[in-house]
Amino acid sequence: QVQLVESGGGLVQAGGSLRLSCAASGRAFSNYCMGWFRQAPGKEREFVSAISKSGGSTYYEDSVKGRFTSSRDNAKHTVALQMNSLKPEDTAVYYCAASYYSGCNREPSQYNYWGQGTQVTVSS
C-alpha cells in the first residue's frame, strides 16, 4: 500500500513557475513508476509526465515538453514536477500516481495509487 500526498499548487500568472511535490509513504517506493496527471473541469484525466523507478527515464506529454521536468528522490520517497512557462491551458487539478507495473504507462488505469490532487490555476 502506498499513500501519496501532493503539495505546491496555487495561483500563478502566465509565464510563471510552480513546483509540485508528492510525498509517498509505504514500502518499496523505488519499485514504482511515478506519474503526474491532470484534470481540468469537464475534461478527462490526462497524462502529464512520468518518471521511471530509478529516475533514469522521464516521459512527457507533448504540450509540456521543454516546460515541465519530473524528478524523484528515492531516499526521501518524493517526486517533484517543476513547471515553467505556465500557460492558462495548464490550469487543472494535478495528481500524483504510482504504478507497480513494468514500464511507465500513460494510461491512468495502469496506476494503482493516487494522491488527492492539488489545484494549479494559471491566469492570463
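None of these values were measured; they are calculated from a predicted model.
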Hey, quick one: are [X] and [Y] part of the same hydrophobic cluster, counting side-chain heavy atoms closer than 4.5 Å, chains of contacts allowed?
| X | Y | value |
| --- | --- | --- |
| Trp36 | Val12 | yes |
| Val79 | Tyr32 | yes |
| Tyr95 | Val64 | no |
| Val5 | Val48 | no |
| Tyr100 | Met34 | yes |

Short side-chain to backbone donor-acceptor contact, [X] and [Y], under 3.5 Å:
| X | Y | result |
| --- | --- | --- |
| Glu107 | Ser109 | no |
| Arg72 | Gly55 | no |
| Glu6 | Cys22 | no |
| Ser85 | Arg67 | no |

Check: Ile51 pairs by side-chain contact (heavy atoms from CB on, under 4.5 Å) with which of Ser70, Ser57, Cys33?
Finding: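 By the side-chain contact (heavy atoms from CB on, under 4.5 Å) criterion, Ile51 pairs with just one of Ser70, Ser57, Cys33: Ser70.
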Restricting to non-hydrogen atoms, name the atom on [X] and the atom on [Y] that form the minimum distance, rounded to 0.1 Å.
| X | Y | answer |
| --- | --- | --- |
| Ser30 | Asn74 | CB-ND2, 3.6 Å |
| Ala97 | Leu4 | CA-CD1, 3.7 Å |
| Gln110 | Asn105 | CG-CG, 3.5 Å |
| Ala92 | Ala40 | CB-N, 3.8 Å |
| Cys104 | Ala50 | CB-CB, 4.0 Å |

Check: Would Asp62 and Lys65 pass as an ion pair if we require N to O under 4.0 Å?
Finding: yes
With rounding to the nearest 0.5 angstrom, report the [atom1] to [atom2] distance, [X] to [Y].
| X | Y | atom1 | atom2 | answer |
| --- | --- | --- | --- | --- |
| Ser25 | His77 | OG | NE2 | 9.5 Å |
| Asp73 | Thr78 | CG | OG1 | 4.5 Å |
| Gln119 | Thr91 | CD | OG1 | 7.5 Å |
| Gln1 | Asn112 | CD | CG | 10.0 Å |
| Arg19 | Phe68 | CZ | CZ | 13.0 Å |

Next item on the list: Carefully, step by step, assess Tyr59 and Phe47 under the rule ring-ring contact (aromatic ring centres under 6.0 Å, His included).
Entry: CA-CA 10 Å; Tyr59 311 88; Phe47 172 80; 7.7 Å; no
Next item on the list: Show the numbers, then the answer: is there a side-chain contact (heavy atoms from CB on, under 4.5 Å) between Cys96 and Trp114?
Entry: CA-CA 6 Å; Cys96 168; Trp114 292 83; over 6 Å; no
Item checked: All side chain to side chain contact (heavy atoms under 4.5 Å, CB included) counterparts of Val120, not counting sequence neighbours ->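 Result, side chain to side chain contact (heavy atoms under 4.5 Å, CB included) vs Val120: Leu18, Leu20, Met83, Tyr94, Val122.
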Item checked: Qualifying salt bridge (Lys or Arg N to Asp or Glu O under 4.0 Å) pairs with a residue from residues 46-56, counting only residues at least two apart or across chains ->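 Passing the test, one end in residues 46-56: Arg38-Glu46.
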